[in-house]
Amino acid sequence: MKQLIDGYNKSQNKYQVQQTVLQWGVPFYTKVRTSTSVGQAPDLISFHLSRISGWAPENLLRPITTQELASVGLKQADFFPRLWQAAGYQGKTYAIPLDTHPLVMYYNKDLAGKAGLLDANGKLKSINSVADLTAAFKAVKDKTGQAGLAFENGPNSYMSWRLWLSMINQEGGKIIQNNKIVAGEPGKRALQAMVDWMKNGYMLKNTDYPTSVAQFTTGKAAFMLNGVWEVPAMADGRAKKTINFDYGVAPLPKFYASQDMWADSHGFAIPNNAKKPIASDHLAGVLDFVAYVQKNSMVWAQGGHIPAYLPTVNSSAYKALKPNSDYATVAAQNVAFDPPGWYSGAAGPLEASAAKYFPAAIQGQLPIDRAISMFEAEANKLMSGKPRP
Amino acid sequence: MRKTVAVRDLAVSKKAGRPRKSANFTAILMLAPFLLAYLLFFIFPTLRAVQLSLTDSTLTETGPFVGLANYVQLLGDADFWAALRNTGFFALLTVIPTTLVGLVMALAVHRLVRAKNFVQALFFLPFVLPVSVVTLLWQWILNSSFGIVHALTGSTTSWFGELATAMPTVAVVTIWWTVGFNMLLFIAGLQNISKETYEAASLDGAQGIQVFRYITWPLLWPITTLVLTLQLISSLKIFTQMYLLTGGGPFNSTRVMLQYMYDTAFQNLSGGYASTIAVAFFLIILLVSLVQAALLSRRR
């Protein structure tokens, strides 16, 4: 992003963009929320689209009109439909999607090869069910002695929520209806799969995030389920030869009826500063900058994120960008966001609650039924609270 | 022990040539910045929290007045009581141990002649580290797959992630981090015990443990009560270490009061209810420290 901002500032001398970086998650959203309510928010923020449904009804974001977008040459048709949809709320657009970052499957070609999981072209043979994936982990363990899966599963980790949501969506299940958890049997099955992988020794216990990445990059696990944001680290590691094996990145497998995979997206949003609407020259600058970023989103794509802007994804330059183009289109067409609601979305309280109980079940600290019922109880208590505001 | 009150200063102001009024004015002027900051950043927010605790507010908007509804809800809130129990458990694990360890370290350092300052600095060192450094350090040391402890012992225990070990491990880290300060207080206390007292004791034939039992320990008691009280208050207010090391997990078993308050306000966006928790907890700390102070001072 810094590269894009520097590039923009150099490309013209009408506007100057200044960047402030805040810590991911709760601290970021709290700061934006409080600064907006006192009228001190910045002109433009980057924002997880999964939180639009919580923020839009609170009037914390300024809707962006079709005309305003058109004034800088942007239109709905330029973006992946699911992302555009996620950026809107009740017919208004509250953000301009920048990218999507889904859950994908990294694989170590050396280990997968030894376990007989690659086809003649060195690509991963298709995996079409939970059983297929489990069998692949077993093959790795039996034939190479290494772990099948590197997967963040320590206390308060979010990865199990992401996979859980993906699997329920693939089954056509629902997580929330009328402010109540309704994940039921698909929810249990999804958690059961993760618990079994741990029980059978296919993944390491108590892996925190950096450990899970280290496990994969040091060749101690054949697969890693993680977001696309690790792609640059992988590419960098290969270039510097700190990663000593060939790797591939595939979309999350199709376990059930669809190939839905958890994702979130960054978008650009304009905070609705209390009593101090953005000045028209600032608005023009903001839109001009956003358009610049979209048109130069090849730079952003190198971060592993899939650009939301179709002209970039369809370009030949992007098609040549490996491994990104291997997963981009399938992933972006199948993204599944957190369920809508004020409690939902990136680092929202619903995710935080799941992150308490799911990893505990995976570690064997809680039986599956107990973990699910504790999560349901906490989530239902949360959601039954008055919608805020 | 009897208190000796210094009476000398009382006469001074009359002798001074300037009228009393202007002396008062100077005093007020010099106090003003502190007083202002105190009113603005302590008294005002406290009163505001009490007021907010009676409303249904979000994080950024003051909501309608709801009377004592939040307090009624609090009484039946299992999460509140669980957080209170966890906080109490943490205080139990830290208050007396860290006081004792501080005392032992102070006694050991105080006996040293040559390397005294060096050892003292060494023991004090962890205290100067910011909490983020301390927690990172211990996360590395105790990492169950890549940590030093794992490498040395082969243990795959997730120290911060298991029900049995999470709270005690945070307690140990906290003691390691903060005990240096208690040590300094005790050393200061030890230095205030005059040599003559010890000489008199040794003339009377007191030796080793007797000296400690009858001289050092009673004369250090005021410092000990101070350390215990400060320690109790800071242990009850634990937040950062817990937030960074366990995040309140596994499944809320180490979620302490301040984190529950934080979750309620900043994650669940419920400012009114979070204020209720804050006010209730403020009263609890006040009560506990008053009781403790009363119990400890009876021995004097």
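Letters A, B, ... are given to chains in the order of the sequence lines, protein chains preceding strands, and every chain is numbered from 1. All heavy atoms count here, side chains included; hydrogens, waters and symmetry mates do not.
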Asker: With a 4.5 angstrom heavy-atom cut-off, which part of A:P155 approaches chain B: side chain, backbone, both or neither?
Answerer: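 Looking at A:P155, just its side chain touches chain B.
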Asker: So how far is it from A:T30 OG1 to B:L59 CG, rounded to the nearest 0.5 Å?
Answerer: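 Here the rounded value is 6.5 Å.
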Asker: Let me confirm one number: the OG-CG distance from A:S353 to B:N252, rounded to the nearest 0.5 Å.
Answerer: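 A:S353 atom OG to B:N252 atom CG measures 8.0 Å (nearest 0.5 Å).
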Asker: For A:A274, which atoms come within 4.5 Å of any heavy atom of chain B: side chain, backbone, both, or neither?
Answerer: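 Contact with chain B is absent: no heavy atom of A:A274 under 4.5 Å.
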Asker: Do B:F266 and A:T34 come close enough that some side-chain heavy atom pair is under 4.5 Å?
Answerer: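 Sidechains of A:T34 and B:F266: no contact.
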Asker: Using 0.5 Å steps for rounding, measure from the CG atom of B:D79 to the CD atom of A:E378.
Answerer: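 Interatomic distance, B:D79 CG to A:E378 CD, rounded to 0.5 Å: 6.0 Å.
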Asker: Return yes if a side-chain donor-acceptor contact under 3.5 Å exists between A:D208 and B:Q139, otherwise no.
Answerer: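 Their side chains do not contain a donor-acceptor pair, so the 3.5 Å distance test is not met.
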Asker: Can you tell me how far CZ of A:R33 sits from CD of B:E61, rounded to the nearest 0.5 angstrom?
Answerer: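 B:E61 CD to A:R33 CZ: 9.5 Å, rounded to 0.5 Å.
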Asker: For the backbone of B:T246 and the side chain of A:N156, can you confirm whether one donor and one acceptor N or O come within less than 3.5 Å of each other?
Answerer: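 Yes, the answer is positive, given that a donor and an acceptor are paired below the 3.5 Å cut-off.
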Asker: Please determine whether the number of non-hydrogen atoms from other residues, nucleotides or ligands lying under 6.0 Å from atom CH2 of B:W159 exceeds 12.
Answerer: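 Counting neighbours around CH2 of B:W159, 12 or fewer heavy atoms of other residues, nucleotides or ligands fall under 6.0 Å, so no.
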Asker: Inspect the surroundings of CZ in B:F65 and state if more than 12 heavy atoms from other residues, nucleotides or ligands are less than 6.0 Å away.
Answerer: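 Enclosed: over 12 neighbouring heavy atoms sit under 6.0 Å from CZ of B:F65.
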Asker: Heavy-atom count check: over 12 atoms from other residues, nucleotides or ligands less than 6.0 Å from B:L35 CG?
Answerer: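 Count over threshold, so yes.
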Asker: Distance from A:Q365 atom CD to B:S158 atom OG, nearest 0.5 Å?
Answerer: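 The OG atom of B:S158 is 7.5 Å from CD of A:Q365, to the nearest 0.5 Å.
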Asker: Which pair of non-hydrogen atoms, one from A:M374 and one from B:F251, has the smallest distance, and what is that distance?
Answerer: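 Smallest interatomic distance, heavy atoms only, reads CE-CD1, 3.9 Å.
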Asker: Just wondering, do B:L163 and A:Q363 contact through their side chains at under 4.5 Å, heavy atoms?
Answerer: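 They are not in side-chain contact.
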Asker: Checking heavy atoms, do the side chain of B:S144, its backbone, both or neither come under 4.5 Å from chain A?
Answerer: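 The answer is the side chain of B:S144.
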Asker: Measure the OG1-CH2 distance between B:T58 and A:W342 for me, rounded to the nearest 0.5 Å.
Answerer: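 With rounding to 0.5 Å, OG1 (B:T58) is 10.5 Å from CH2 (A:W342).
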Asker: Would you call A:Y343 and B:L269 a side-chain contact if the rule is heavy atoms closer than 4.5 Å?
Answerer: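 Of all side-chain heavy-atom pairs linking B:L269 with A:Y343, none is under 4.5 Å.
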Asker: Mind running side chain to side chain donor-acceptor pair (under 3.5 Å) on B:T156 and A:N206 for me, showing each step along the way?
Answerer: CA-CA 9 Å; B:T156 54; A:N206 279 318; over 6 Å; no
Asker: If you apply the rule side-chain contact (heavy atoms from CB on, under 4.5 Å), what do you find for A:K381 with B:D77, and how did you get there?
Answerer: CA-CA 11 Å; A:K381 178 181 162 190; B:D77 182 356; 3.3 Å; yes
Asker: Can you tell me if B:F181 has over 12 outside heavy atoms packed within less than 6.0 Å of its CZ?
Answerer: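 Check fails, neighbour count at 12 or below.
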Asker: Using heavy-atom distances under 4.5 Å, tell me whether B:F146 contacts chain A through its side chain, its backbone, both, or neither.
Answerer: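 For B:F146, the contact with chain A is made by the side chain alone.
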